[in-house]
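To start, the structure under review is shown below, and the notes come after it.
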Amino acid sequence: MRILTRLERFHHAGLRRLLLGIIITVGFVVLLVLCFGIPCRNASCLSLVKVSGIVVSQVSVVKADVDDDGNGYGDEYEKGKMKKDSSLDIEREDDIAINNVIVEINVSVIARTDVSLGKPKMAVESSILVGSKDSREGNVLSVMRHKQGAAVSISQMNSLLIQSLSSSHSPKPRWSSARDSEMLSAKFQIENASVVHEVIGLDASVYRNISKFQRSYDLMERKLKVYVYKQGAKPIFHKPTPRGIYASEGWFMKLMESNKKFVVKDPRKAHLFYIPVSIKSLRTSLGQDFQTPKGLADHLKEYVDLVARKYKFWNRTSGSDHFLVACHDWGNKLTKKHMSNSVRALCNSNVAQGFRIGIDTALPVTYIRSAESPIEYRGGKDPLERKILAFFAGSMHGYLRPILVQLWENKEPDMKILGPMPRDPKGKKQYREYMKSSRYCICARGYEVHTPRVVEAIINECVPVIIADNYVPPFFEVLDWEAFAVFVKEEEIPNLRNILLSIPEERYIGMQARVKMVQQHFLWHKKPVKFDLFHMVLHSVWHSRVYRVKTRSRH
């Protein structure tokens, strides 16, 4: 009866039948496993351990297009009320929002549609978490590591960045341009920047090299010119969306197209060319005939071919002086083939899935609820007044968060590790208060590596704890992230509390102070201000191009 009652909230009869069928099947399989064990032909199979008759089976039904959930308050909620959409194509794309249907055997089911095939398909990922705490940790994390492969550590990313900056993979231009020479001159000036220890408005401790960053930023402000292509029909092109989980691509588009300082009308004067596309709108606006990654990528290629025919600039550099800004999860897969030479500012900056350190740039995920007040609720308690050691709350998206919650929910009084919080105004306020009262805010990956919690933590002056293997954090080329954030490997989740407690008090206070110092780089303003998020995104693109530019002549 509890199962039927829970399923009544899903109004689609076919979906109810499908979920009920899955729940019954899983329950039957678990019963068979408990009674007869798991047939296994090799030693690599997991053994089933029964303790106190408790079995926890996690079955996730996933699709190809998945996104993080912000802080558990999906953007389909406005002023505490849910917007209804008969197509289910709400701000969370075609994510059918089904969270944690709990039955007596603790089966959680998330149903999604496999859009890559153009028709519904249930792709089941399952893992059985049973036995003692230690055995569950070992089994699950072993399976997780096997699925993910070897992780690229933050120190390895640092090495990849250094290698990238010292070697250019950009194709040579077909003919010379004065703009290339200007960029090459800028690179020389950055590399030979005078040493400075203090810069007004900046703190040297949060940067890799304050002297080079200050010189690069100054040259960008004085020299950089951008041409914005006028071609393309709304809403896919030229229509920014400044709210929701993909607000970063919308805010940048809005501020770039209206900018009078950097934008030029004559493309011959431009160092960079901006393709004003919204991958979010591309993903939702073309109808079912274009819902495969290939179909969407081909549609974007048609646009590139259009501007290549109309203008000579794409063909001159094979697109290496062109860029786009994409926060949707599919930004990488839709552009990696036809825009392989271009600079891509991506929220989904997964180095294991094609993100190129030193070429692509990591775009912050900024979950904006009000386009009129993009920087609301800034600040938090002083470091010594923060009594909560670590805080996390959110939907159980992906494989990692259920493990995090299972291992740490209600385990220690100073660890506020929760599932989804209420989406009403009271719940949202409580979420913010937890962040403002916590020393460390856990930024655990969802379906993808990126999450808006990184920026939320910085806004609330809480030290980010990033648990997302292979995630390249924003502005990685200039910021020293280890000075104000903690990186924890996914396999180290069982040791999370000990890792945080091992950080000396003095170091924590210094990190929290640097979080406040770096905060200015993660804020949108209706009218851009120096060192804000708009300027930092543009600087990342400029920096990538400066270090990859080539000329026809030999230097």
Please determine if K260 forms a cation-pi arrangement with F262, meaning its NZ or CZ atom is less than 6.0 Å from the six-membered ring centre and no more than 45° off the ring axis. no
Is a salt bridge present between R378 and E461, judged by a nitrogen-to-oxygen distance below 4.0 Å? no
Whether the side chain of R179 engages the backbone of R268 through a donor-acceptor N/O pair (distance < 3.5 Å, no angle test) should be reported. yes
Would you indicate whether the side-chain heavy atoms of T317 and P171 approach each other to under 4.5 Å? no
Note: V515 and V463 closest approach over all heavy atoms is CG2-CA, 4.1 Å
Does the side chain of L538 reach to within under 4.5 Å of the side chain of H535, using non-hydrogen atoms? no
Salt bridge or not for D305 and K301, using N-O below 4.0 Å? yes
Counting heavy atoms not belonging to K265, are there more than 12 under 6.0 Å from its NZ? no
So which heavy atom on Y217 is nearest to which on F531, and how close? OH-N, 2.8 Å
Check step by step if side-chain hydrogen bond (donor to acceptor under 3.5 Å, both in side chains) holds for H271 and E182. CA-CA 9 Å; H271 302 91; E182 291 169 359; 2.6 Å; yes
For the pair E490 and R401, find out whether any cationic side-chain nitrogen is under 4.0 Å from an anionic carboxylate oxygen. no
Heavy-atom distance under 4.5 Å between the side chains of W251 and L533, does that happen here? no
Under the criterion side-chain hydrogen bond (donor to acceptor under 3.5 Å, both in side chains), I'd like the reasoning laid out for S248 against T366: C-alpha separation, chi angles, the key distance, then a yes or no. CA-CA 6 Å; S248 288; T366 52; 2.7 Å; yes
Measure across L324 and M339 and return the closest heavy-atom pair with its distance rounded to 0.1 Å. CD2-CE, 3.8 Å
One thing to verify: whether R545 and D180 come together as a salt bridge, which I'm taking to mean a side-chain N less than 4.0 angstrom from a carboxylate O. yes
Run the numbers on E221 and K530 for salt bridge (charged side-chain N to carboxylate O under 4.0 Å, His left out), then give the verdict. CA-CA 9 Å; E221 281 199 315; K530 193 177 182 70; 2.7 Å; yes
Taking the side chain as every heavy atom from C-beta outward, state whether M536 and V478 have any atom pair closer than 4.5 Å. yes
So, taking the atom named CD in Q189 and the one named NZ in K187, what distance separates them when rounded to the nearest 0.5 Å? 13.5 Å
Would the distance check show the side chain of S258 and the main-chain N or O of K254 forming a donor-acceptor pair, the cut-off being under 3.5 Å? yes
In the structure I gave you, are the side-chain heavy atoms of R316 and S177 within less than 4.5 Å of one another anywhere? yes
More than 12 non-hydrogen atoms from neighbouring residues, nucleotides or ligands closer than 6.0 Å to NZ on K239, yes or no? no
Parallel, tilted or perpendicular: ring planes of H521 versus F213, cut at 30 and 60 degrees: perpendicular
Taking the six-membered ring of F476 as reference, does the cationic atom of R208 (NZ for Lys, CZ for Arg) lie under 6.0 Å from its centre and within 45° of its axis? yes
Kindly compute the distance separating CG (D480) from CG (N158), expressed to the nearest 0.5 Å. 7.5 Å
Are the side chain of W314 and the backbone N or O of H322 linked by a donor-acceptor pair below 3.5 Å? no
So do I467 and F487 actually touch side chain to side chain, heavy atoms under 4.5 Å? no
May I ask you to decide if V152's main-chain N or O and N470's side chain share a donor-acceptor pair within less than 3.5 Å? yes
Indicate yes or no for a side-chain donor-acceptor contact from N460 to the backbone of C462 under 3.5 Å, with no hydrogens or angles considered. no
Quick one: SG on C441 to CD1 on I458, what's the gap to the nearest 0.5 Å? 10.5 Å
Spacing of E198 atom CD and D203 atom CG [to the nearest 0.5 Å]: 9.0 Å
Show your reasoning for whether side-chain hydrogen bond (donor to acceptor under 3.5 Å, both in side chains) applies to S216 and H539. CA-CA 8 Å; S216 178; H539 177 267; 2.7 Å; yes
If you take all heavy atoms of H238 and E257, which pair is closest and at what distance? ND1-OE2, 2.6 Å
Side-chain donor or acceptor of D360 paired with backbone N/O of R356 under 3.5 Å: yes
Is the ring centre of H299 less than 6.0 Å from the ring centre of Y303? no
Aromatic ring centroids of F522 and F475 under 6.0 Å? yes
What closest approach, in Å, do R514 and V206 show between heavy atoms, and which atom pair accounts for it? CB-CG1, 3.6 Å
Using a distance-only test with no angle check, is there a side-chain donor-acceptor pair under 3.5 angstrom linking S318 and S320? no
Nearest heavy-atom neighbours spanning E249 and H328: OE1-N, 3.7 Å
Test side chain to side chain contact (heavy atoms under 4.5 Å, CB included) applied to V529 - qualifying residues, sequence neighbours left out: H525, D532
d(T292 OG1, K294 NZ) to nearest 0.5 Å is 7.5 Å
For residues R453 and F392, determine if any side-chain heavy atom of one lies less than 4.5 Å from a side-chain heavy atom of the other. yes
Is a donor on one side and an acceptor on the other found under 3.5 Å between the side chain of S349 and the backbone of V472? yes
Is there a side-chain hydrogen bond (donor to acceptor under 3.5 Å, both in side chains) between N332 and R344 once you walk through the steps? CA-CA 8 Å; N332 181 10; R344 305 176 304 162; 3.0 Å; yes
Taking atom types as modelled, find out whether Q163 and S159 have a side-chain donor-acceptor pair closer than 3.5 angstrom. no
Does any non-hydrogen side-chain atom of L300 lie less than 4.5 Å from one of T335? yes
Do Y274 and Y227 have ring centres separated by under 6.0 Å? no
Are any side-chain N or O atoms of S164 and backbone N or O atoms of L160, one a donor and one an acceptor, separated by less than 3.5 Å? no
Does atom NZ of K230 have more than 12 heavy-atom neighbours from other groups under 6.0 Å away? yes
Once you round to the nearest 0.5 Å, how far does CZ of F355 lie from CG of N348? 9.5 Å
Hey, are T361 and E477 close enough side-chain-wise for a donor-acceptor pair under 3.5 Å? no
Between Y311 and Q231, a side-chain donor and acceptor under 3.5 Å: yes
